[in-house]
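Basis for what follows: all heavy atoms, side chains included, without hydrogens, waters or symmetry-related copies. Just follow the structure's listing: the first ligand is 1, and inside any ligand the first atom is 1.
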Amino acid sequence: MYPRYQGRAISIGKLERFVADWSRENGFVPAKPEKTNGIKVAVIGSGPAGLTCAGDLAKMGYEVTIFEALHEPGGVLTYGIPEFRLPKGGVVRPEIDNVRKLGVKIETNVIIGKSVTIDELMDAEGFKAVFIGSGAGLPKFMGIPGENANGVFSANEYLTRSNLMKAFRDDYDTPIFMGKKVAVVGGGNVAMDAARTALRLGAEVHIVYRRSEAELPARVEEVHHAKEEGIIFNLLTNPVEILTDDKDWVTGMIVRKMELGEPDASGRRRPVEVPGSDYTIDVDTVIMSLGTSPNPLISSTTEGLETNKWKCIVADESNGKTTKEGVYAGGDAVTGAATVILAMEAGRAGARGIDEFLQGNK
Ligand SMILES: Cc1cc2nc3c(=O)[nH]c(=O)nc-3n(C[C@H](O)[C@H](O)[C@H](O)COP(=O)(O)OP(=O)(O)OC[C@H]3O[C@@H](n4cnc5c(N)ncnc54)[C@H](O)[C@@H]3O)c2cc1C
């Protein structure tokens, strides 16, 4: 270690991005094997976990098909992270094309658990192993009155409408409500992305977060960018009720002031309500960004696939092995919402695990 860097922070995210950009720009495209081994493997989900697993398996000679529920591959890289942070044409699509070049087939608009089940893929369609990389896309809500009103979105839905369905453009069919005053509830990275997206769609944007700035879960640089762009932070503030007009459109939100008490199980100081402190903020759009969990569709339709109390698929971190023979899993579907690089690592481990299983040395 160079002494001048000792003890100083490293920008891991930027280093990860540099390595990926450099390898792409310098033509590091892995070659497709001359012939396949004829063994079919299914990968569910085309996010970083699924793409990495599929690419690695294809390099080993397997015939890999990715099944993706949405009409565009890429997972959160395509539908979640906004274009201004992750360019789709310059970064995401070339990576997906590289996986295709390895011979991987990508079938979009196929919802595993609805269109076809894992058991059917294995019993009737000849897939010898399956990797589940279906992410953690099920949003959480607060359960407060008015949450079903028009103009209330989960951050996932809001970002998907904007990123994937280009809802802000007249030539696309999916509508998005261009709010004038938007409240984003939550203080994580996803909340910052939703807030900055709403800002770009022309709104005045408020982050509403029940703890103080010190407890904001978003990365410091994300908070910095949000502030720099003019997002207003309503800290120590918690929504109580969403108000609507007679057509059920959002007109405002009653919020309650909070103060910090003793630390809770997470080690952060617990927010405590200040009695009699309710007041109303005028908003026409509310975006709930309170975290996500894995959708139980796949686990509930697959015999013998165990999940934990957070609905995450139980899998061995070292090789992705689940409780069902021949089925492997990794990424957010196993860990809950995490990071791109961890999902890629899990995809790689899953490919190794599947290869060991199919070569008979599990
Ligand atoms: C807004 C936002 C910003 C983020 N920013 C960052 C960041 O800056 N840096 C970072 O490292 N991480 C970030 N993350 C987290 C990161 O994107 C995820 O951890 C990562 O994408 C997880 O990868 P994955 O492959 O497990 O799942 P995903 O990327 O979620 O992909 C899962 C795919 O599976 C598909 N799928 C789901 N169910 C089915 C089904 N039944 N049948 C077929 N297909 C299915 C989904 O449509 C999706 O395409 C962010 C997340 C969000 C939401």
task = Check each protein residue for a heavy atom under 4.0 Å from ligand 1 and list those that pass, ordered by chain and number.
result = Ile44, Gly45, Ser46, Gly47, Pro48, Ala49, Phe67, Glu68, Ala69, Leu70, Gly75, Val76, Tyr79, Gly80, Ile81, Arg85, Val110, Ile111, Ile112, Gly133, Ser134, Gly135, Leu159, Val190, Asp193, Arg219, Ile298, Gly331, Asp332, Ala338, Thr339, Val340, Ala343
task = Would you verify whether the NZ or CZ of Arg200 falls within 45 degrees of the ring axis of Phe84 while also being under 6.0 Å from that six-membered ring's centre?
result = yes
ask   = Charged N to carboxylate O below 4.0 Å: is that the case for Glu306 and Lys324?
value = no
query = Are Arg352 and Glu356 within salt-bridge range, i.e. N to O under 4.0 Å?
reply = no
inquiry  = Quick test of your reading: applying side chain to side chain donor-acceptor pair (under 3.5 Å), list the pairs with at least one residue in residues 339-348, sequence neighbours left out, ordered by first then second residue.
reply    = Asp56-Arg348
key: side chain to side chain donor-acceptor pair (under 3.5 Å) involving Arg256 - partner list, sequence neighbours excluded   = Glu273, Asp278
message = Other members of the hydrophobic cluster containing Leu102, with the 4.5 Å side-chain heavy-atom rule, please.
response = none
